[in-house]
Structure formats: structure tokens, C-alpha cells
> 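Pasting a structure here, questions to come.
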Protein chains: 2
Amino acid sequence: MKIMKVETNRLGQAKDEFIAQWGALGTQWGISRTMAQIHALLMISPRAMCTDEVMEELAASRGNAHSNLKELVNWGLVRMIVIKGDRRDFYEAEKDVWQIFTIIARERKRREIEPALSLLNKCAEETKDLRSAEAKAFHNQVKQLEEFVGFASKMSDRISSMKHGLALQLATKILS
Amino acid sequence: MKIMKVETNRLGQAKDEFIAQWGALGTQWGISRTMAQIHALLMISPRAMCTDEVMEELAASRGNAHSNLKELVNWGLVRMIVIKGDRRDFYEAEKDVWQIFTIIARERKRREIEPALSLLNKCAEETKDLRSAEAKAFHNQVKQLEEFVGFASKMSDRISSMKHGLALQLATKILS
DNA sequence: CATAATTTTCATTAAATACTGAAAATACAG
DNA sequence: CTGTATTTTCAGTATTTAATGAAAATTATG
């Protein structure tokens with residue numbers, strides 16, 4: 001085993017724990033454990049990594065590493081990097097927290113809010129001219145949900161498109 | 001088959017679609033399909049329902065209906081109701097959208113934000129006095145995440161504890 | 001107390017999701 | 001073109017999560 005300072009070892013342990021736990025959290029957030037682990041690994045890596053390094057670090061299969069890297073690039077949380085004179089693809093994570101937040105917010109809106117909103121639109125529309133008391137009650141409830149979710153959708157857009165500084169300013173006002 | 005007005009049938013179809021689709025959405029939100037379906041069913045039901053009615057409406061098993069009803073009561077999205085002269089337990093959903101929102105926000109914070117925050121706290125703490133450049137970079141990245149997530153946590157609390165009207169006022173300001 | 005209605009539990013089964021590893025496809029260098 | 005490094009795909013397997021249904025426990029009723 002390589003000789004190393006106690007400090008280096010402590011750092012390694014902290015990193016490993018971070019990666020392992022971030023992976024576990026990922027499953028709570030609806031993304032696969034490996035995807036969250038790769039994200040954690042790259043967020044704290046001082047340099048871009050290639051597929052084999054990721055595989056080794058996480059003891060994951062090639063297919064798994066590959067598809068999750070692709071997915072992360074898709075989300076925009078990770079960028080592919082070309083290093084000249086090297087045929088391999090390298091990957092590095094977006095590290096700015098506000099960027100990370102807006103990317104995740106956009107994705108969640110797309111997956112969680114928009115489909116709900118379109119369902120609510122449809123149900124409200126389909127029942128808007130029914131006259132029975134029961135139908136009116138249904139229409140009313142759906143309408144309330146529709147308005148709220150529509151609101152949430154707009155809010156999400158607005159906040160995501162803010163500059164970090166401006167958002168911070170707004171947040172400070174709310175927290176004060 | 002029972003004779004019914006066209007209107008009644010249209011309403012029934014809209015309800016069925018709403019329940020089915022809300023269930024499908026539930027899986028995106030990290031809750032089981034049945035739980036989301038029961039929630040939808042009760043949100044649009046004009047009266048409280050007993051376990052057997054829920055089972056029948058959703059073609060779900062007793063155990064499934066039971067455990068998901070229990071879970072919904074646990075969240076606070078559904079209340080158990082006692083009807084005198086009837087031994088069965090009845091259930092009714094919270095219908096106020098702002099209430100629904102705050103309940104879900106609280107639960108999500110508990111499951112998604114708090115564990116992340118405690119991990120970040122721990123990792124920042126464990127590396128705060130390491131001096132290598134690599135350690136400092138790690139500590140710095142974790143710290144940034146910690147600050148942001150801590151911020152999000154406070155925001156979530158603040159907004160959830162607002163009265164609907166006040167939140168609306170705030171939102172209007174942001175959207176304007 | 002006996003019994004009937006209802007709720008609760010839980011071992012088993014089914015369904016959904018994530019991962020593996022090897023083979024096929026692609027890209028590049030000589 | 002040929003051989004090699006690398007990426008991509010995907011059928012098969014493993015893991016995780018949700019649902020079933022029947023049995024046990026509980027609760028009310030006469």
C-alpha cells in the first residue's frame with residue numbers, strides 16, 4: 001500500500017463518504033444511485049475524468065458508467081471535454097451551485113410539473129360545461145389545482161432565469 | 001348496465017382519467033402509484049370513502065389500499081373520519097391547495113433536503129482544517145453546496161409557514 | 001362470552017428499475 | 001486497409017420496490 005500522510009487519508013475518506021452518501025440520496029431524488037455518485041465524484045474532482053477512471057473509482061460496469069455519464073451530459077450537469085493527443089472522452093461537472101440548481105429545477109419542472117399541468121388543463125376543459133352539482137365540484141377542485149400548479153410553473157421559470165445575485169437578494173428579503 | 005345521462009358518463013370518464021393519470025404522475029414524484037391514485041380519488045370525491053369503496057374503485061387489494069391510506073393519513077393529506085353508527089373507518093382528503101402544497105413541501109424537505117444538508121455539514125466539518133490544495137478545493141465545494149442547501153431549507157420553511165394570501169402576494173411580486 | 005365485522009400484518013409474488021459484461025460499432029493511427 | 005483503442009448498445013441478470021391475499025388481531029354487538 002502506498003505511503004501517505006494522515007491528512008491525505010482523511011481527505012480520501014471524506015470524499016468516499018460524500019460520494020457514497022450522495023449516491024444514496026440520489027435514489028430519494030428519483031435518479032439512479034450511480035448517476036448521483038458520478039455527479040458527486042465529478043463535482044469534487046479537481047480535474048476532468050475519463051470513463052475508466054469513473055468505473056474504477058465507483059466499481060461500476062462500463063455500460064453503467066457510460067449510460068449515466070451520457071445522462072448527466074444530457075441534463076447539462078456534466079460536460080464532455082476533449083484533451084488533445086488523447087483519444088478518450090473526459091468529463092467534468094458544472095460546479096457553480098446556482099447553475100446546478102437551475103438545471104435541476106428545469107428538469108424537475110419538465111418531469112413533475114408540466115405533465116401534471118397538462119392533465120389538469122385537460123380535465124378542467126373536458127368538464128367546463130357540465131352542469132350537475134357533482135360535476136361542478138369536480139371542475140372546481142381541478143381548476144384550483146390547475147391554477148396553483150400553473151403558478152408554481154411560472155415561479156419556477158422566473159427564479160431559474162434569475163442571475164444568482166438577484167435571486168439571493170430576493171431570498172434575503174423573504175428570509176428577513 | 002345502469003342507465004345514466006351522457007353528462008354523468010362524461011364526468012365519470014374525466015374522473016377516471018384524472019385518477020389514472022395522477023397515479024402515473026405519482027411514480028415520477030417518488031410515491032407509489034396506488035398512493036397517488038387514492039389521493040386523487042379522495043381529492044375529487046364529494047364525500048368520505050371507506051376502504052372497500054377505495055379498493056373497488058381502484059381495483060386494488062385490501063392490503064395495498066390499507067397501507068397507502070395509512071401513509072396518506074401519515075402525511076396529513078388524508079384524514080380518518082368516524083361516522084356514527086358505522087364501524088368502518090372513512091377517509092377524506094385535504095382539499096385546500098395551499099395546505100396540500102405545504103404538506104408536500106414539508107415532506108420533501110424532510111426526505112430530500114435535510115439528509116443532504118447533514119451530509120454536507122459533516123463533510124465540511126471533517127475537512128475544515130486540512131491544508132493541502134486538494135483538500136481546500138474539496139472543502140470549498142462542499143461548503144458552497146452546504147450554504148446553498150441550507151438556504152433552500154430555510155426558504156422552504158418560510159414559505160410553508162406563510163398564510164396562503166401572503167404567499168400569493170409575494171409570488172405576485174416575483175411574477176410581475 | 002361468542003360471533004361477526006373490520007382492520008392490520010406479512011410472507012409471497014409480481015412489476016419496475018438498475019446494472020453487468022460481452023459483442024458490435026466507431027474512430028483513429030500507422 | 002489493418003489493427004487497436006474506445007465508445008455504444010443491449011440481452012440477460014440482479015436488485016429494489018410495490019401489490020396481493022389470506023391469516024391473525026382487533027373491535028364492536030347482542
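All of these numbers come straight from a predicted model, not from anything done at the bench. So that the names make sense, note that chain A is the first sequence line, chain B the second, and so on, each numbered from 1.
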> I'd like to know whether A:Glu134 forms a salt bridge (charged side-chain N to carboxylate O under 4.0 Å, His left out) with B:Lys15, so could you lay out the CA-CA distance, the side-chain angles of the two residues, the decisive distance to 0.1 Å, and finally the verdict.
CA-CA 11 Å; A:Glu134 203 190 338; B:Lys15 283 189 173 186; 2.9 Å; yes
> I want to confirm an ordering. Mapping A:Ile31 and B:Asp89 to their closest nucleotides on DNA chain C, which one lands closer to the 5' end?
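Nearest nucleotide further toward 5': that of B:Asp89.
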> Above 12 or not: heavy atoms from other molecules or residues under 6.0 Å from CZ of A:Arg108?
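Above 12, so yes.
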> Could you give the CG-to-P distance, from B:Asp52 to D:dG21, as a whole number of Å?
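So the CG-P distance, B:Asp52 to D:dG21, works out to 14 Å.
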> Sort and list the pairs that fulfil ring pair (Phe, Tyr, Trp, His ring centres under 6.0 Å) and have at least one residue in residues 98-133 of chain B, not counting sequence neighbours.
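Non-adjacent pairs meeting ring pair (Phe, Tyr, Trp, His ring centres under 6.0 Å): A:Phe148-B:Phe101, B:Trp98-B:Phe101, B:Trp98-B:His164.
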> Just the rounded figure in Å: distance from C1' of C:dA18 to CD of A:Gln37.
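My rounded result for the distance is 12 Å.
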> In whole angstrom, what separates B:Met35's CE from D:dT17's P?
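The distance from CE of B:Met35 to P of D:dT17 comes to 16 Å, rounded to the nearest Å.
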> Before giving the answer on side-chain contact (heavy atoms from CB on, under 4.5 Å), spell out for A:Leu42 and A:Leu69 the whole-Å C-alpha distance, their side-chain angles and the decisive distance to 0.1 Å.
CA-CA 10 Å; A:Leu42 293 178; A:Leu69 279 165; 4.1 Å; yes
> Identify, between A:Arg33 and A:Tyr91, the residue whose nearest nucleotide on DNA chain D lies closer to the 5' end.
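Going by which nucleotide is closer to the 5' end, it is A:Tyr91.
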> Measure from CZ on A:Arg88 to C1' on D:dT7 and round the result to the nearest Å.
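One finds 13 Å between C1' of D:dT7 and CZ of A:Arg88, rounded.
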> Quick one: does any side-chain atom of B:Thr172 pair with a main-chain N or O of B:Leu168 as donor and acceptor, under 3.5 Å?
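Yes, the answer is positive, given that a donor and an acceptor are paired below the 3.5 Å cut-off.
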> Could you tell me whether B:Glu92 and B:Arg47 make a salt bridge, using a distance below 4.0 angstrom between a side-chain N and a carboxylate O?
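No salt bridge links B:Glu92 with B:Arg47.
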> Which is true for A:Thr27 with a 4.0 Å heavy-atom rule: it touches a base, it touches only sugar-phosphate, or it touches nothing?
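No contact.
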> For nucleotides 27-30 of chain C, give me every protein contact, N/O to N/O, under 3.5 Å, one pair per line with atom names.
unit_1: C:dA27; atom_1: N3; unit_2: A:Arg87; atom_2: NH2; d: 3.4

> Closer than 3.5 angstrom, by distance alone: can the side chain of A:Ser45 be matched with the main-chain N or O of A:Leu41 as a donor-acceptor pair?
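Side chain of A:Ser45 to backbone of A:Leu41, a donor-acceptor pair under 3.5 Å: no, none is there.
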> With the threshold set at under 4.0 Å for non-hydrogen atoms, list the residues of residues 55-84 of chain B touching DNA chain C in residue-number order.
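Per residue number, the list reads B:Arg62, B:Gly63, B:His66, B:Lys70.
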> Are A:Ser32 and C:dA18 close enough that a side-chain N or O sits under 4.0 Å from OP1 or OP2?
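No, because none of the side-chain N or O atoms of A:Ser32 sits under 4.0 Å from OP1 or OP2 of C:dA18.
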> Whether the side chain of A:Asn68 engages the backbone of A:Asn64 through a donor-acceptor N/O pair (distance < 3.5 Å, no angle test) should be reported.
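Yes, because the side chain of A:Asn68 sits within donor-acceptor range (under 3.5 Å) of the backbone of A:Asn64.
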> With a 4.5 Å cut-off on side-chain heavy atoms, are A:Trp75 and A:His39 touching?
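Side-chain contact under 4.5 Å: no.
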